[in-house]
Amino acid sequence: MSTDTSLPPSTPQPQPPQAQSSHARTDSLFVGNLSYFCNNDHLWTLFSPHGNVQSAIVCRAKNKDPLYYGFVNVAAGAGVEAAIAALNNSFFMGRRL
């Protein structure tokens, strides 16, 4: 077994630079009070006119029943504020968001 003696033991080893992420920065929006019948596609369709939607997820219990809330990831920028302004307290599928 060989030991690297080029640096004293108290000196931290140099680390390789972290790879740049190829993903654009996104903001995650919580969407509450969703309808029982709302699915991921409905949520995506609701938010897509207001920004570049990266993902839309309706949260579900282990038995697959909806938990009446979800998350939408939107590319960071003006689309996030536009979506909040347009959809906050609006009605969707019979329920106020």
Side-chain angles (χ1 to χ4, degrees):
M1 180 193 252
S2 66
T3 305
D4 183 7
T5 58
S6 61
L7 295 173
S10 62
T11 305
Q13 295 290 326
Q15 299 296 317
Q18 293 183 353
Q20 292 289 330
S21 173
S22 62
H23 301 291
R25 191 171 90 74
T26 62
D27 288 321
S28 185
L29 301 174
F30 171 84
V31 185
N33 201 32
L34 294 174
S35 165
Y36 179 87
F37 302 103
C38 184
N39 62 34
N40 298 348
D41 291 335
H42 293 134
L43 205 53
W44 186 293
T45 301
L46 176 66
F47 278 83
S48 62
H50 306 288
N52 185 4
V53 176
Q54 303 296 311
S55 66
I57 305 290
V58 174
C59 296
R60 299 196 174 274
K62 288 182 181 180
N63 66 358
K64 306 292 184 195
D65 284 342
L67 295 174
Y68 306 103
Y69 68 89
F71 294 93
V72 177
N73 287 323
V74 181
V80 174
E81 296 301 325
I84 292 170
L87 299 173
N88 192 35
N89 288 317
S90 67
F91 282 91
F92 179 63
M93 299 180 80
R95 299 187 70 147
R96 185 182 297 273
L97 301 177

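Residues: numbered from 1 along the sequence shown.
To the nearest 0.5 Å, atom CE of residue Met93 and atom CG of residue Asn33 are 12.5 Å apart. Separating the CG atom in Asn52 from the CZ atom in Phe47 is a distance of 14.0 Å, to the nearest 0.5 Å. Once rounded to the nearest 0.5 Å, the distance linking CG of Leu34 with CG of Leu97 reads 6.5 Å.
Smallest separation of non-hydrogen atoms from Arg60 and Lys64: NH1-O, 3.3 Å. In terms of heavy atoms, Asp65 sits closest to Asn63 at N-OD1, 3.1 Å. What you find for Ala82 and His50 is that their closest heavy atoms are CB-O, 3.9 Å. When all heavy atoms are compared, the tightest approach of Leu43 to Cys38 is N-SG, 4.3 Å.
A donor-acceptor distance shorter than 3.5 angstrom exists from the side chain of Asn40 to the backbone of Val58, with no hydrogens or angles considered. The backbone N or O of Ser55 sits nowhere less than 3.5 Å from a side-chain atom of Asn73 that would complete a donor-acceptor pair.
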**Request:** Might you work through the side-chain contact (heavy atoms from CB on, under 4.5 Å) test for Ser35 and Phe92, ending with a clear yes or no?
**Result:** CA-CA 8 Å; Ser35 165; Phe92 179 63; over 6 Å; no
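In the hydrophobic clustering of ILVMFWY residues, with side-chain heavy atoms under 4.5 Å counting as a link, Val72 and Leu67 come out apart. Linking ILVMFWY residues whenever their side-chain heavy atoms come closer than 4.5 Å, directly or via other members, places Trp44 and Val80 in the same cluster. Follow the hydrophobic side-chain contacts under 4.5 Å out from Phe37 and you reach Val31 in the same cluster. Transitive grouping of hydrophobic side chains (ILVMFWY, heavy atoms separated by less than 4.5 Å) brings Leu87 and Val53 into a common cluster.
Note: Tyr36 and Tyr68 have tilted aromatic rings, judged against thresholds of 30 and 60 degrees for the angle between ring planes.
When only modelled atom types and interatomic distance are considered, Asn39 and Asp41 share no side-chain donor-acceptor pair under 3.5 Å.
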